[in-house]
Amino acid sequence: MSVVEQHARAHILTEDVPDDVGAVPVVLRYDSLQDPRAVMVDLPGPHEWTFPRSLLEQGLRAPAGSGDVRVWPCGRVQAVIEFHSTRGVSVVQLDTKAVLTFLRRTYRASPAAVAHG
């Protein structure tokens, strides 16, 4: 299996989103044939972000990243991912458990990617 896809719910924390929106569906995706070092996060609308899998993993333990994508833990059970673009900033909050499950599945799908970083 080279493609891992996991559906999750996220809270959009960006200022221009009303507080009563609640959780929205997101898709975490990994394709070892396309790029064994990258993951994709697909937000509602035409917003798909690709960034290093290692950034997602590091950001669960401590703030990580610079530039377009930043990830950091938010307490023990949440993680925040901040996406910067020319249209502005999107900030989403996900359950850490869902992200960890996704990461474990990506490493099982592509053991060679583990050895190469």
Side-chain angles (χ1 to χ4, degrees):
M1 171 172 45
S2 64
V3 177
V4 173
E5 189 171 282
Q6 183 168 324
H7 295 264
R9 307 280 297 164
H11 290 276
I12 307 293
L13 305 176
T14 311
E15 290 179 10
D16 60 347
V17 176
D19 290 337
D20 61 352
V21 168
V24 297
V26 298
V27 179
L28 305 171
R29 188 174 299 114
Y30 173 77
D31 185 341
S32 64
L33 297 178
Q34 184 177 351
D35 185 348
R37 295 183 184 169
V39 294
M40 290 148 278
V41 175
D42 191 7
L43 301 173
H47 308 289
E48 183 175 88
W49 293 84
T50 302
F51 56 95
R53 175 170 57 172
S54 60
L55 172 60
L56 184 59
E57 186 173 11
Q58 291 166 6
L60 294 179
R61 294 185 303 272
S66 62
D68 294 346
V69 180
R70 298 176 183 142
V71 183
W72 66 89
C74 182
R76 297 177 61 108
V77 297
Q78 299 287 311
V80 173
I81 307 175
E82 185 177 278
F83 302 101
H84 293 256
S85 74
T86 56
R87 295 182 306 249
V89 178
S90 296
V91 180
V92 299
Q93 186 176 37
L94 295 145
D95 287 338
T96 301
K97 184 177 179 179
V99 177
L100 283 170
T101 299
F102 170 71
L103 285 170
R104 282 188 205 107
R105 291 177 63 210
T106 69
Y107 286 118
R108 281 195 305 265
S110 182
V114 175
H116 296 101

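Predicted, not measured: the structure shown is a model, and the values here were computed from it.
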task = Would you name the heavy atoms of Pro44 and Val26 that are closest together and state the gap between them?
result = CD-CG1, 4.3 Å
task = Evaluate side-chain contact (heavy atoms from CB on, under 4.5 Å) for Asp31 paired with Ser2, printing each intermediate quantity in order.
result = CA-CA 6 Å; Asp31 185 341; Ser2 64; 4.2 Å; yes
message = Is there a side-chain contact (heavy atoms from CB on, under 4.5 Å) between Leu56 and Leu103? Walk through the geometry before answering.
response = CA-CA 8 Å; Leu56 184 59; Leu103 285 170; 4.0 Å; yes
ask   = Shared ILVMFWY cluster between Met40 and Phe102, side chains joined below 4.5 angstrom?
value = no
query = For the side chain of Gln93 and the backbone of Gln78, is there at least one donor-acceptor N/O pair under 3.5 Å apart?
reply = no
key: Same cluster (ILVMFWY, side-chain, under 4.5 Å), Val71 and Leu43   = yes
inquiry  = Count I, L, V, M, F, W, Y as connected when their side-chain heavy atoms are under 4.5 Å apart, and connections chain through other members. Are Val4 and Leu60 then in the same cluster?
reply    = yes
query = Could you state the interatomic distance from NZ (Lys97) to CZ (Arg76), rounded to the nearest 0.5 Å?
reply = 14.0 Å
task = Work out which heavy atom in Pro63 is nearest to a heavy atom in Pro73; give both atom names and the distance.
result = N-CD, 3.9 Å
ask   = If you group Ile, Leu, Val, Met, Phe, Trp and Tyr by side-chain heavy-atom gaps below 4.5 Å, do Phe51 and Leu100 land in one group?
value = yes
ask   = Considering all heavy atoms of both residues, which atom of Leu94 and which atom of Ala8 are nearest to each other, and what is their separation?
value = CD2-CB, 4.2 Å
message = Among Glu48, Gln6, Gln34, His7, which residue satisfies the side chain to side chain donor-acceptor pair (under 3.5 Å) criterion with Arg29?
response = Glu48
request  = Heavy atoms only: give me the nearest Ala38-Thr50 pair and the separation to one decimal.
outcome  = CB-CG2, 3.8 Å
ask   = Is Val27 linked to Val69 within one hydrophobic cluster, defined over Ile, Leu, Val, Met, Phe, Trp and Tyr using a side-chain heavy-atom separation of less than 4.5 Å?
value = no
request  = Give, for atom CD of Glu82 and atom CH2 of Trp72, the distance between the pair rounded to the nearest 0.5 Å.
outcome  = 4.0 Å
